[in-house]
There are 2 protein chains.
Amino acid sequence: MNISSLISRYFHSSINDIEFQKWVSISLKAILDFLENHNGFKIHSDKLPSEISKKFISLKIPDKGQTIPIVLNETIENIIKNSVHVSHPAFIGHMTGASPHFLLICDLIISALNQNVVKIETALSATFVEMQTLCWLHRLIYEKSENYYKNILQSSQGSVGNCCSGGTIGNITALVAARNNAFPELHKKGVYLSYKNAQCVRAVVLVSERGHYSIKKACAVMGIGEENVISIPCHFFTNKINIAELKKRIQNLTLNKVKIIAIIGIAASTETGNVDDLSILARICKENKIWFHVDAAWGGAILLSNKYKNLLKGIKKADSVVIDGHKFMYLTMSQSAVLFKNKKSLDSLHQSAHYIIREGSVDLGKTSIEGSRRFDSLKLWFSFKVFGREGYESLINNAIKNAFLLAQLVSAHTSFELTSQPETSIVTYRFMPKELKMRMELAKKIHFLENKIFAKELKKFDFGKTADFLRVTKKINSILNEINTNLQKEQRKIGKSFVSRTTLQTIWKSQEIVVLRAVPFHPLTNNETLAEILREQEALGNKHFAKIRKRFMKEEAEAIRFFSDFLI
Amino acid sequence: MNISSLISRYFHSSINDIEFQKWVSISLKAILDFLENHNGFKIHSDKLPSEISKKFISLKIPDKGQTIPIVLNETIENIIKNSVHVSHPAFIGHMTGASPHFLLICDLIISALNQNVVKIETALSATFVEMQTLCWLHRLIYEKSENYYKNILQSSQGSVGNCCSGGTIGNITALVAARNNAFPELHKKGVYLSYKNAQCVRAVVLVSERGHYSIKKACAVMGIGEENVISIPCHFFTNKINIAELKKRIQNLTLNKVKIIAIIGIAASTETGNVDDLSILARICKENKIWFHVDAAWGGAILLSNKYKNLLKGIKKADSVVIDGHKFMYLTMSQSAVLFKNKKSLDSLHQSAHYIIREGSVDLGKTSIEGSRRFDSLKLWFSFKVFGREGYESLINNAIKNAFLLAQLVSAHTSFELTSQPETSIVTYRFMPKELKMRMELAKKIHFLENKIFAKELKKFDFGKTADFLRVTKKINSILNEINTNLQKEQRKIGKSFVSRTTLQTIWKSQEIVVLRAVPFHPLTNNETLAEILREQEALGNKHFAKIRKRFMKEEAEAIRFFSDFLI
C-alpha cells in the first residue's frame with residue numbers, strides 16, 4: 001500500500017469517518033459481550049491454553065497488511081474471547097480486578113491525546129494533572145500543611161514523588177533514593193567505590209518474610225544483591241514482622257558493621273493482606289537512623305477510609321511510600337506512585353539532557369527512572385473526582401467487609417481452616433476434610449506448645465508420643481498440600497470462579513503449607529459469590545481426599561496403620 | 001454515596017447503559033474536535049502555561065464525588081483543550097507524534113480487558129500475543145532460523161526478551177544482563193562483593209557522546225555509577241562514534257584492569273538521528289569479549305524498510321537490542337521491547353514467587369524488571385497485522401524522505417546552516433543570518449584546519465590573525481546560540497509549529513552550539529509544512545538578529561569594532 005492511501009486510511013485526518021465509528025461500535029459491542037456476561041460466561045475460555053496458543057504461532061511479521069475488519073475480527077475471536085475475565089465477581093484470586101467503566105473513557109482520551117509526560121513540551125495540562133494527583137496522594141499519606149502543598153504543587157524545585165508504571169518501579173525508585181541517602185556519592189561513583197570510601201563491606205535491606213518478591217528484584221537490579229535482602233520472620237497468623245527478631249537482627253548487623261540501607265514496612269502483604277506495625281517500625285528506624293520505606297502498593301488505598309485508616313498508623317513517618325492505583329484503587333493497568341516525605345529525597349536521581357528535562361523546568365522526567373510515559377495519572381485524577389474520598393471509602397470498606405465475611409464463613413465451616421487473619425481484603429485458608437479437623441486442631445496445640453510459648457504446659461505431654469504424633473501431622477500436611485493444590489487447579493479449570501494459591505510457613509514453621517488465597521475486593525462480589533466458591537471447593541476437596549484415601553487403601557496394612565493414627 | 005449506588009452507577013454491570021454510550025460519544029467528539037482541527041488549531045492552547053496551571057491548584061482529594069458529566073466536562077475544558085497537539089503535522093519537535101487512529105480501538109480493548117501480563121492467570125491470550133510479538137521483533141533483528149523460533153515461541157525455558165513500558169527500562173534490563181554476565185555472582189551478592197571476588201576495582205560502560213541520557217541513569221540506578229559511563233567522542237557532522245578513539249580507550253582501560261561491562265551502539269541518536277557503525281562495534285566487542293548492546297529505541301523500526309535497513313547492518317550481532325514501538329513504529333505511549341541474542345541471557349534476572357511466576361510457568365513476569373503490566377503489546381501486534389511490513393516500510397521511507405527534504409531546504413537556504421547529516425528522520429540545523437554565513441564558512445574552514453586534519457594547509461595562515469578571528473567567531477556562536485534559543489521559544493509560543501532545540505558540540509569542539517532539532521516523521525508532514533516552518537524561523541531569526549544589532553548599536557564604538565570584524 002502506498003503512503004498516500006496509508007495516510008488517508010489510518011491517520012487522524014480520517015478519524016471522523018463513518019467507517020472508524022463503525023469499528024468503535026464493533027469493538028464496544030465485543031467488549032460488552034465479554035464483560036456483561038457475568039452469569040453465563042466463565043472466567044476462562046472454554047478452550048484450553050494449548051488450543052488458544054495455536055492461534056499465535058506464525059513466526060514472522062506479515063509482509064502484507066490486512067484490513068481493519070479482518071484484524072479486528074481476529075482480535076475479537078482469538079484475543080478478546082480468550083482473555084481472562086478478571087472483572088468477574090467470582091474472580092477473586094488476584095489484585096487485578098474490577099474497574100469502574102468510566103476508565104474506558106479515560107483510556108480513550110489518554111490514547112487519543114498521546115501526551116508524553118516526560119516533559120511539558122509534550123504534556124501541558126497533563127503535567128499539572130500529574131503534579132496535582134501526586135500532591136493529593138502525598139497529602140493523604142503525610143498530611144502536611146496547606147502551605148507546604150501550595151509551595152511545592154507546581155514547583156520546579158524538589159518533588160513530592162513520581163508517578164510510575166507499577167509498584168516495582170516505585171520500590172526501585174524508593175530504594176535507590178534510600179541507597180543514595182546512605183551513600184551520597186553512590187549515584188556518581190557506583191557501589192564499589194562508595195562502599196570502599198565509606199569503609200563499608202556490606203549493606204543490606206530488611207523486610208519481613210512477607211515482603212513482595214519485587215524487593216529482592218529491586219536489590220538485585222540496584223547492585224545491592226538479592227542476598228543482602230534480609231528476611232525477618234513474621235508472627236504466624238498475624239503475618240506481621242516480628243519486632244523482637246528485627247531488633248535482634250539490627251543489633252547484630254550493627255555489631256558487624258553492616259550498613260542498613262532501609263527497613264521496609266509492608267502495608268499490606270500481597271500474600272495475606274496483613275500490615276506491619278508501621279508506628280513501631282518508624283520508631284526503630286528513627287532511633288537507628290535508618291531509611292523507612294513502606295510498600296503500600298496494595299494497602300495504601302485504605303488511607304481513603306476513615307473507618308480503617310488507623311491500620312496504617314505511622315505511615316506518615318515513612319521516608320518513602322509506594323502506592324498503586326491499579327490495585328485497591330480500582331484503576332486499570334497501570335498506574336502507580338512513589339511519594340517522599342522529604343522534597344529533596346529525589347534530588348540524587350536528578351537527570352538532565354540538552355533537549356528535554358532542562359534545569360529549572362517542571363518536566364516530570366527530571367527525577368523519574370522511567371523516561372517516556374503515558375498520561376496514566378488522568379485515571380486516578382478522574383476517579384478521585386467521580387468517587388470522591390467518600391466513594392472510595394465505601395468501596396474499600398465493602399471490600400474489607402467481604403474479607404471478614406469470607407473469614408467467618410471459613411472459620412465456621414467444618415471443612416476449612418483459616419490460615420491468616422484478614423485485615424485488608426485478602427484471606428488465606430485451606431480445605432481440610434472434617435475427618436481431620438479435630439485431629440489437626442490438637443496437633444496445632446501440641447505444635448504450638450512445642451514452640452515453647454506454653455513451655456510449662458508442654459511438660460504435661462509424653463514427648464515420645466508427641467514426636468510420633470507430629471511426624472504423622474507432617475505427613476497429613478503434605479497430603480493437605482496436595483489436595484489444596486489439586487482443588488485450586490481444578491477449580492481454575494472448571495472456570496466458574498478463581499481463587500489463587502500460595503504457600504506460607506504458618507504455625508508449621510518448618511513446613512510450607514499450601515493455602516488458598518482470595519482477594520474479594522470486587523464491589524460485585526457478595527455473600528452468595530463467596531458461599532458458592534466455598535461450596536465448590538468443599539466438593540472438590542472431598543473428591544481429592546477420597547482419591548488419596550483410595551491410594552492408601554491399596555496397601556491395606558499401611559492404610560490401617562496410617563488411618564488409625566490419622567483419625568483420632 | 002452508598003455502595004449499592006456506586007456499584008450500579010460505575011461498575012461493569014451498567015456498562016451497557018445509554019448513559020455510558022452517551023459519555024463515549026461526548027468523549028469521542030471532544031477528541032475529534034481536538035485532533036481534526038489541523039489547520040485552525042494550534043499546537044498549544046491559546047492559554048499560557050501559567051494560566052492553565054491555575055486550573056489544577058486544589059490541594060486535596062475532594063471529599064464528595066461528582067457526576068460523570070461534570071468531571072468529563074472539566075476534563076474536556078481544562079485537560080483536552082489544553083493538551084499539546086503532538087499529532088499535528090507541524091509538531092516536528094519530538095519523537096512523540098502521529099499514531100494511526102485504530103490504536104484508539106486497541107487502547108479501548110486493552111483497558112476493557114484489563115489483563116495483567118505478569119502472569120498467565122490474569123492474561124491468557126494476551127500472554128501468547130506478547131510472546132508472538134517478541135518473536136517477530138527478535139526475528140526482525142536476529143534473523144535466526146524458522147526452527148529456532150518454533151522452539152522458543154511459547155517455551156517456558158529461555159526467552160527472546162521482554163516487552164516493557166519504555167526504552168529506559170529496556171536499557172536497564174539489557175545492562176543488568178550485561179553486568180550479570182560480566183559478574184555471574186552479582187545478582188545475588190551485589191556489586192561490592194562481586195567486584196572484590198573478581199579482583200576488579202572498576203567496571204565501566206562505553207557509549208558515544210550522543211548516547212541517550214537514560215544510559216547514565218541506568219548505570220546510576222544499577223550501582224555502576226554515572227561516572228563509569230565513559231563517553232567516547234563522535235565525528236562531528238556524522239555523529240558516529242569515533243572508532244579510533246574507542247579503540248584507544250579500550251586499550252587504555254584494559255591496561256588499567258578496568259572491566260568493560262558493555263559497549264553500546266547508538267541506532268539512532270535521539271539528538272541527531274545518526275547511527276553508529278554497528279558492524280565495526282560488533283567486531284570490536286567480539287575481539288575484546290565485551291557485551292554489545294544496541295540502543296535502537298528510535299531507529300530499530302528501520303529494519304522494517306528493505307530500502308534503508310542496511311543502515312543498521314551488524315545489529316544482529318548485538319547481545320541485546322532495545323526497540324520502541326511508541327517512537328518510529330507510530331504507536332501511542334507506551335510500548336517498548338528488549339531482545340537478546342542468547343535465550344539464556346535473561347536467566348540471571350529470573351524471579352519467582354509462591355503465588356505467581358512459578359518455576360516452569362510461561363508467566364511473562366519471570367524475567368521482567370517490571371511486575372504488573374498493561375497488555376500494550378496488542379498495539380504492536382495489531383499494527384503489524386494492519387500495516388504489514390510493507391506498510392511500515394512506506395511510512396518509514398516517507399519519514400526519511402522528509403528528513404532529506406528538510407536537510408536540502410536548509411542547505412540551500414541563505415539563512416540556515418545544516419549541523420548534522422540526517423540518516424533517519426531527525427535533522428539538526430540552525431538559523432544563521434545571511435550576513436554572517438560566508439564569514440562563518442571561512443571560520444569553519446580555519447577552525448577545521450586548526451583541528452589538525454589539514455595540518456599542512458594550516459601553516460599557510462597567519463596564526464595571530466587566525467586566533468583573533470576565532471575569538472570573534474566564538475562570540476558570534478554565542479550570539480547565534482541566543483538567537484536560536486529565542487526563535488525556538490517564540491515559535492513554540494506562537495504555536496503554529498513546534499521544533500525542539502538541543503545543544504551539540506559540532507565542529508566547534510570547545511563550544512556548545514544551540515541547534516534546532518526536527519523530527520519530521522509524521523506521515524502528514526510534507527514539503528509545504530517544512531517550508532512554512534523554515535519561513536517562520538527565518539523571520540523570527542532575523543527579528544532577533546536585528547534586536548541584537550541594536551543592542552550593540554547603543555555603544556557605537558563597540559558596535560563598529562564588532563561588526564567590522566563580524567561582517568567581512
Check your understanding: Most heavy-atom pairs under 4.5 angstrom with chain B, which of A:K217, A:R139, A:Q66?
Key -> A:K217

Review point. When heavy-atom pairs shorter than 4.5 Å are enumerated against chain B, which of A:W23, A:F382, A:Y392 gives the highest number?
Key: A:F382

**Study point:** Contacting moiety of B:R202, where chain A heavy atoms sit under 4.5 Å
**Key:** neither

Review point. What's the shortest heavy-atom distance between A:E121 and B:S500, and which atoms?
Key: OE1-CB, 4.5 Å

Check your understanding: Name the one of A:I109, A:L108, A:I105 that satisfies side-chain contact (heavy atoms from CB on, under 4.5 Å) with B:L28?
Key -> A:L108

Review point. Within a strict 4.5 Å, meaning less than it, do heavy atoms of the B:N228 and A:L193 side chains meet?
Key: no

Exercise for review: Indicate yes or no: at least one non-hydrogen side-chain atom of A:I169 is less than 4.5 angstrom from one of B:I169.
Suggested key: yes

Exercise for review: Please assess B:V386 against A:R9 for the test side chain to side chain contact (heavy atoms under 4.5 Å, CB included), listing each intermediate value before the final yes or no.
Suggested key: CA-CA 11 Å; B:V386 172; A:R9 282 206 196 176; over 6 Å; no

Practice item. Using atom types as modelled and distance alone, determine if a side-chain donor or acceptor of A:Q154 lies under 3.5 Å from a backbone N or O of B:S53. Key: yes

Check your understanding: Which of the residues B:S165, B:G166, B:C135, B:A126 is involved in the greatest number of heavy-atom pairs with chain A at under 4.5 angstrom?
Key -> B:S165

Exercise for review: Taking B:W136 for its side chain and A:P62 for its backbone only, find out whether a donor-acceptor pair lies under 3.5 Å.
Suggested key: no

Point to revise | Minimum-distance pair of heavy atoms, taken over all atoms of A:H326 and B:S372 | key: NE2-CB, 3.9 Å

Check your understanding: Can you tell which of B:L137, B:L304, B:V86 has the highest number of heavy-atom pairs within less than 4.5 Å of chain A?
Key -> B:V86

Review point. Does any heavy atom of chain A fall under 4.5 Å from the side chain of B:L504, the backbone, both, or neither of them?
Key: neither

Revision key, fill the gap. Looking only at A:Y149, A:F387, A:F375, the option with the highest number of non-hydrogen pairs under 4.5 Å against chain B is A:F387

Review point. Hey, does A:R374 have a side-chain heavy atom less than 4.5 Å from the side chain of B:R374?
Key: yes

Study note, to complete from the structure: Distance col, row A:S58:OG vs B:L153:CG, nearest 0.5 angstrom, shows 8.5 Å

Revision key, fill the gap. Note: B:L6 and A:S394 closest approach over all heavy atoms is CD1-CB, 3.5 Å

Check your understanding: Just how far is it from atom CZ of B:F128 to atom CD1 of A:I57, taken to the nearest 0.5 Å?
Key -> 11.5 Å

Review point. Quick one: what part of B:T96 sits under 4.5 Å from any heavy atom of chain A, side chain, backbone, both or neither?
Key: side chain

Check your understanding: Do the non-hydrogen side-chain atoms of A:K64 and B:R389 ever get within less than 4.5 Å of each other?
Key -> no

Revision key, fill the gap. To the nearest 0.5 Å, atom CD1 of A:I110 lies from atom CG of B:L104 at 12.0 Å

Exercise for review: Give, as side chain, backbone, both or neither, the part of B:N78 having an atom under 4.5 angstrom from any heavy atom of chain A.
Suggested key: backbone

Review point. Counting heavy-atom pairs under 4.5 Å to chain B, which of A:V24, A:N114, A:L103 comes out on top?
Key: A:N114

Check your understanding: Which pair of heavy atoms, one from B:K196 and one from A:Y192, lies closest together, and at what distance?
Key -> N-CE1, 4.2 Å

Check your understanding: Which residue out of A:L186, A:I61, A:T168 racks up the most heavy-atom pairs below 4.5 Å with chain B?
Key -> A:I61

Review point. Can you list the steps and then say if A:K150 with B:L59 is a side chain to side chain contact (heavy atoms under 4.5 Å, CB included)?
Key: CA-CA 7 Å; A:K150 242 184 220 164; B:L59 297 170; 3.9 Å; yes

Review point. Taking atom CG of B:N82 and atom OG of A:S125, what is their separation to the nearest 0.5 Å?
Key: 5.5 Å

Practice item. Verify whether the ring centers belonging to A:F20 and B:F102 lie closer than 6.0 Å. Key: no

Check your understanding: Is any side-chain heavy atom of B:S83 closer than 4.5 Å to a side-chain heavy atom of A:L124?
Key -> no

Check your understanding: Say you draw a straight line from CG of B:N397 to CG of A:N2; how long is it, rounded to the nearest 0.5 Å?
Key -> 12.5 Å

Review point. Given that the side chain runs from C-beta out, which part of B:S111 has a heavy atom under 4.5 Å from chain A: side chain, backbone, both or neither?
Key: both

Check your understanding: Between B:V221 and A:H187, what is the shortest heavy-atom contact and its length?
Key -> N-CE1, 4.3 Å

Review point. With respect to chain A, which residue among B:L378, B:V201, B:I68 yields the maximal number of heavy-atom pairs within a distance under 4.5 Å?
Key: B:V201

Check your understanding: Using non-hydrogen atoms only, which part of B:V117 is less than 4.5 Å away from chain A: side chain, backbone, both, or neither?
Key -> neither

Practice item. With rounding to the nearest 0.5 Å, note down the distance linking NZ in B:K189 to CD1 in A:I224. Key: 15.5 Å

Revision key, fill the gap. Correct closest heavy-atom pair for B:V84 and A:Q115 would be O-NE2, 2.7 Å

Check your understanding: Does the pair A:K188 and B:E227 meet the rule for a salt bridge (Lys or Arg N to Asp or Glu O under 4.0 Å), with working shown?
Key -> CA-CA 5 Å; A:K188 289 203 183 321; B:E227 289 179 0; over 6 Å; no

Check your understanding: Checking B:L113 against chain A: side chain, backbone, both or neither under 4.5 Å from a heavy atom?
Key -> both

Review point. Of the listed residues (B:T122, B:N398, B:V176), which shares the most heavy-atom pairs with chain A below a 4.5 Å separation?
Key: B:T122

Review point. Where on B:C200 is there a heavy atom nearer than 4.5 Å to chain A: the side chain, the backbone, both, or neither?
Key: backbone

Study note, to complete from the structure: Residue from B:L395, B:N180, B:I369, B:V129 scoring the most non-hydrogen pairs under 4.5 Å with chain A is B:I369

**Study point:** Near-ring test B:F11/A:H101, centroid separation under 6.0 angstrom
**Key:** no

Practice item. Examine whether an atom of A:I172 lies under 4.5 Å from a heavy atom of chain B, and if so say whether it belongs to the side chain, the backbone or both; otherwise answer neither. Key: side chain

Practice item. In sequence, state the C-alpha distance, the side-chain angles, and the governing distance for B:M222 and A:M222, and then conclude on side chain to side chain contact (heavy atoms under 4.5 Å, CB included). Key: CA-CA 4 Å; B:M222 291 163 56; A:M222 289 162 55; over 6 Å; no

**Study point:** Residue, of A:R492, A:E370, A:E146, that accumulates the most heavy atom pairs under 4.5 Å with chain B
**Key:** A:E370

